[in-house]
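Quick caveat: nothing in here was measured; it's all calculated off a predicted structure. Chain letters run A, B, ... following the sequence lines, proteins first and then strands; every chain starts at 1. Just so you know, these numbers use all the heavy atoms, side chains as well, and skip hydrogens, waters and symmetry mates.
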Protein chains: 2
Amino acid sequence: MDQLRETLKGHHLRTTTCREDVLSAFINKKNALSHGDLEGALGESYDRVTIYRTLKTFLEKGIIHKVLDDEGLRYALCSQQCSEEKHQHDHIHFKCNACGKTNCLENSHIPNIALPQGYQPASFNLLIQGTCPECVAE
Amino acid sequence: MDQLRETLKGHHLRTTTCREDVLSAFINKKNALSHGDLEGALGESYDRVTIYRTLKTFLEKGIIHKVLDDEGLRYALCSQQCSEEKHQHDHIHFKCNACGKTNCLENSHIPNIALPQGYQPASFNLLIQGTCPECVAE
DNA sequence: AAATATTTTGCAACAGTGTTGCATTTAATA
DNA sequence: TATTAAATGCAACACTGTTGCAAAATATTT
Ligand SMILES: [Mn+2]
Ligand SMILES: [Mn+2]
Ligand SMILES: [Zn+2]
Ligand SMILES: [Zn+2]
C-alpha cells in the first residue's frame, strides 16, 4: 500500500487515488494494459480523461512505457529505474494471438542491428506475435 | 498506368479508381502512410470508409502490411510477392523523429532471437526510432 | 489546525480512428 | 447490352485521444 506512495513520490508525483489504482492495476495484472483495459477495470471510479492523463503522466515520469501493437497502443511498467530523464528499454514484447495478452520479456533483449549508412537509432520497439507458453500447452 | 491494374489483378481484385489511387499513393510516396495521410491526399475524391475498406482489402490480399507506430498505425507496400496466403516480413521499420517519416528498410533484417522456453514466434515487427540520413545531414 | 498555493480532477466539447448496415453504383462476364 | 457480383457512399455508431475551464484535492506554510 505504501509501496504505491513510495513509487509515486520517487517520481515526483502527488499521491492520488486514481494514480494509486492505475499503478496498482499495472502491478497486479502482469501483462500490458490498454487505456480500454484500465477503463474497464476502474472506469466507474474515474473519468476517462483522468485515466488518459494519468497514463500520459506515468509515461513522462518513466513509470510506464508504450508497447506497440497492431491494434492499438498498450502500456507496461518500466522495470528498471526509469526516470523523467532516462527512459531506455531494449527488451522484447510478445503478443499471444491465442489469449491476446501482451507481455514484456524483460530478459530477452533486442540484439544489435546493423543499419544502413546514416541512420542514427535512438530507441527500439520489437513486437513478436505468436503463441505464448500457456496457450501452447493446450 | 497498366502497372496498377496488373498488380490489382494479380491479387484478384477488381480495378477501381479508388484502389488505383491508393496503390498509386503508396508507390509514389515511398514512406509508410497512415489512413489520415491518404485521406489528406485523396479525401476529396473518396469517402473515408472506402479508404478504410481499401486498406483492409489490401492488407488481406498481401499488397500492403501494417507498420507499427507509437502514435498510430501506418501501412507500407509489400515488396516481396506477398499474397493472401503468405504474408511474411522480416525487415526493419525506421521512424525519423525529426521529419516524422517512417520507412521500410527492406535490406535490414530482424536477426534471429532466442525467446524463453515455450514461446512460439510467428511474426515480427521492429520499429527503430531515431534520425534518418536526410535529417542527420542538416 | 487553518489558510494558501499548486495540482489534479470531472465535465463538456471536440477531432480522429475504425466498423457496420443498407441502398446505389460500378466492374466484370455472358 | 443485359446480368451478376462486388465496391461505394452515406448514416450511424463506438472507441481513442486531446483541450479548456471550473471545482476539488493535495502539499506546504503559517
Ligand atoms: Mn516492456
Ligand atoms: Mn515494411
Ligand atoms: Zn496466450
Ligand atoms: Zn528524417
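The list of side-chain hydrogen bond (donor to acceptor under 3.5 Å, both in side chains) pairs with a residue in residues 62-72 of chain A, not counting sequence neighbours, reads A:H65-A:H91, A:H65-A:H93, A:D69-A:K95, A:D70-A:K95, A:E71-A:K95.
The nearest whole Å value for the distance from the CG atom in B:L8 to the P atom in D:dA6 is 16 Å. Atom CZ of A:F58 and atom C1' of D:dG17 are 18 Å apart (whole Å). Distance B:D70 CG to D:dG17 C1': 14 Å, rounded to the nearest Å. Separating the CD1 atom of A:I51 from the P atom of C:dG10 is a distance of 9 Å, rounded to the nearest angstrom. If you take OH of A:Y46 and C1' of D:dA24, they are 14 Å apart, rounded to a whole angstrom. Between A:L42 atom CG and C:dG10 atom P the separation is 11 Å, expressed in whole Å. Remark: C1' of D:dA7 and CD of B:E60 are 14 Å apart, rounded to the nearest angstrom. For the pair B:D21 CG and D:dA7 P, the interatomic distance rounds to 16 Å; values are reported in whole Å.
When side chains are defined from C-beta on, B:S24 counts as touching B:L4, because their heavy atoms get closer than 4.5 Å. Between A:L127 and A:F94 the shortest side-chain heavy-atom distance does not fall below 4.5 Å. In this structure, the side chains of A:T50 and A:D47 come closer than 4.5 Å at one or more pairs of heavy atoms.
Scanning for side chain to side chain donor-acceptor pair (under 3.5 Å) contacts around A:E84 gives A:K61, with sequence neighbours left out. With sequence neighbours excluded, no residue satisfies side chain to side chain donor-acceptor pair (under 3.5 Å) with A:T15.
Between B:K56 and A:H12, the residue whose closest nucleotide on DNA chain C is further toward the 5' end is A:H12.
A salt bridge does not link B:K29 to B:D37: none of the charged side-chain nitrogens sits closer than 4.0 Å to a carboxylate oxygen.
Closest of all the heavy-atom pairs between B:V136 and A:G118 is CG2-O, 3.5 Å. Between B:H87 and B:C78 the shortest heavy-atom distance is CE1-SG, 3.5 Å.
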Checklist entry - Once each nucleotide of nucleotides 23-30 of chain C is scored for protein heavy atoms under 4.0 Å, what B/S/- sequence comes out, 5' to 3'? => result ----BS--
Next on the checklist: Can you build the contact string for nucleotides 12-18 of chain C? Use B for base contact, S for sugar-phosphate-only contact, and - for no protein heavy atom under 4.0 Å.
Outcome noted: B----BB
Next on the checklist: Apply side chain to side chain contact (heavy atoms under 4.5 Å, CB included) to residues B:R14 and B:L8 and explain how you reach the verdict.
Outcome noted: CA-CA 7 Å; B:R14 288 194 179 183; B:L8 293 172; over 6 Å; no
Checklist entry - In dot-bracket notation, what is the pairing pattern of DNA chain C, taking Watson-Crick (N1-N3 plus N6-O4 or O6-N4) and G-U wobble (N1-O2 and O6-N3) contacts under 3.5 Å, with [ ] crossing and | for other strands? => result ||||||||||||||||||||||||||||||
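Residues A:I27 and A:L55 are members of one and the same hydrophobic cluster, defined by side-chain heavy-atom contacts under 4.5 angstrom among Ile, Leu, Val, Met, Phe, Trp and Tyr.
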